[in-house]
There are 2 protein chains.
Amino acid sequence: MSQSDTVQRILDAAEVLFAQKGFAETSLRAITSRAGVNLAAVNYHFGSKEALIQAVFERYLTPFCQALDAKLEELEGETRSGGEVPLEKLFTVASRLALGSHGDEPRRAMIFFRLSGQAYSQPQDHLRAWLREHYGPVFRRFLALLRRAVPDVPPMELFWRVHFSLGAVIFTLSGMESLQAISKKDFNQSVTAAHITQQLLPFVVGGIRGGG
Amino acid sequence: MSQSDTVQRILDAAEVLFAQKGFAETSLRAITSRAGVNLAAVNYHFGSKEALIQAVFERYLTPFCQALDAKLEELEGETRSGGEVPLEKLFTVASRLALGSHGDEPRRAMIFFRLSGQAYSQPQDHLRAWLREHYGPVFRRFLALLRRAVPDVPPMELFWRVHFSLGAVIFTLSGMESLQAISKKDFNQSVTAAHITQQLLPFVVGGIRGGG
DNA sequence: TGGTGCCTCAAACGCTAGTTTAAAACGTCT
DNA sequence: AGACGTTTTAAACTAGCGTTTGAGGCACCA
């Protein structure tokens with residue numbers, strides 16, 4: 001078993017367990033047991049539990065943000081010759097990337113949204129600060145394109161509405177499995193990632209534009 | 001120190017600390033220390049930490065849900081003679097009640113929204129199930145009025161959009177203090193509860209109606 | 001005054017957590 | 001084959017957790 005193998009197995013196990021039970025409620029013993037590695041391996045390879053949490057985020061977020069950044073640059077290029085990117089297209093691009101930029105099934109995206117939800121509801125802002133520092137620029141780039149897509153919405157209100165949208169996405173996907181049960185019971189219809197994003201798009205677009 | 005005094009002091013301390021640091025990260029020792037009572041008092045008066053968490057929710061939610069239920073009944077009465085309650089009015093009523101049904105400043109509402117966020121991102125659905133069981137009927141009553149306010153939105157989509165809205169609210173108010181910092185820096189404008197709900201209303205209304 | 005419930009208190013219990021240690025195993029190069 | 005840096009292993013350590021215990025305090029009524 002090579003080094004990277006152990007590291008990857010730990011990351012895989014941690015990703016799933018953190019999403020399932022939260023950071024505090026997931027013990028290193030549970031992670032290493034699931035990964036089939038020794039308990040001490042986490043502290044050996046990552047240094048601490050906190051560092052492991054950051055590593056889990058980094059492994060997912062870095063490819064996604066690189067892909068998003070490239071795509072946004074492409075879109076900026078298109079609009080340099082006048083016009084702006086439609087609101088729907090911006091969100092479609094982002095969601096398609098979030099769901100499929102890793103080559104694996106969108107199940108991982110779900111797992112990761114759950115993680116994000118827990119990161120945000122976490123008190124200590126170590127993690128939040130770290131996320132903002134590392135991935136803030138892409139977010140601001142997205143926001144700039146957004147501003148040109150809805151020029152009639154004042155920047156201040158747009159800022160808030162983007163956060164509202166983020167909340168809708170993360171919160172919903174965080175509570176997926178319970179919502180899945182409700183939805184199945186009330187509407188006899190199961191829930192897929194594609195299905196949810198399909199529902200999300202009109203809501204977010206309507207919300208950003210504002211109503212009333 | 002009378003009994004109810006100790007109980008209330010524990011609830012006060014727990015409410016703040018749970019919101020600040022989460023359920024798992026808040027120890028009974030921290031709670032009793034802040035409350036100025038003995039460690040064993042929690043297990044004596046509430047039985048367990050889990051029961052204390054439920055008690056915190058109950059103390060807040062019961063008055064709110066009673067007030068909301070009464071208000072909804074009143075609205076139903078108005079519409080019995082034909083017509084339906086406008087979307088804006090439904091949400092205005094709900095938000096006003098959430099912010100002011102306790103006689104104290106809306107700061108408590110913020111604390112409570114943080115709690116809700118943590119309850120939802122929590123893995124064990126003991127709490128979620130308990131909340132649903134106790135306060136589900138009011139929610140369904142609200143949903144029924146909503147359905148009549150936007151008859152052109154299919155029930156399935158409305159169901160999702162309501163959850164998206166809930167997510168927007170809880171997520172935003174959960175991350176308040178960090179958003180406060182950003183907003184102050186970028187827009188030189190501080191953030192109040194009234195201000196946020198004012199921003200939320202058009203977003204939620206637009207989102208529920210849907211755009212695109 | 002003595003007894004009866006309710007409450008408080010300091011101390012301890014059992015347990016699990018993250019982390020550390022030192023020896024053993026492994027792979028690689030001379 | 002032997003030495004060396006890296007990785008794995010089992011075991012222990014320290015700390016903090018929720019909970020329990022039994023003695024003590026306090027108000028109230030006979």
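In this text the structure is predicted, and so the values were computed from the model without any measurement. By convention in this document, chain letters (A, B, ...) are assigned in the order of the sequence lines, proteins followed by strands, and residues within each chain are numbered from 1.
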Which residues pass the side-chain contact (heavy atoms from CB on, under 4.5 Å) test with B:D69, not counting sequence neighbours? B:V138, B:R141

For B:F46 and D:dT20, give me the distance from atom CZ to atom P, rounded to whole Å. 16 Å

Among residues at least two apart in sequence or on other chains, which ones pass side-chain contact (heavy atoms from CB on, under 4.5 Å) with B:T26? B:L17, B:F18, B:K21, B:I31

Nucleotides 13-19 of chain D: protein proximity per nucleotide (B base, S sugar-phosphate only, - neither; heavy atom, under 4.0 Å): ----BBB

Hey, does the side chain of A:N38 come within less than 4.0 Å of D:dA10's phosphate (OP1/OP2), counting only N and O? yes

Distance check: side-chain N/O of A:H45 vs OP1/OP2 of D:dT8, anything under 4.0 Å? yes

Write out all pairs satisfying salt bridge (charged side-chain N to carboxylate O under 4.0 Å, His left out) with one or both partners inside residues 154-170 of chain B, taking only residues at least two apart or from two chains. B:E157-B:R161

Under the side-chain hydrogen bond (donor to acceptor under 3.5 Å, both in side chains) test, residues paired with B:D12 that sit two or more places apart: B:R59

Sequence neighbours left out, what passes side-chain hydrogen bond (donor to acceptor under 3.5 Å, both in side chains) with A:S48? Give chain and number order. none

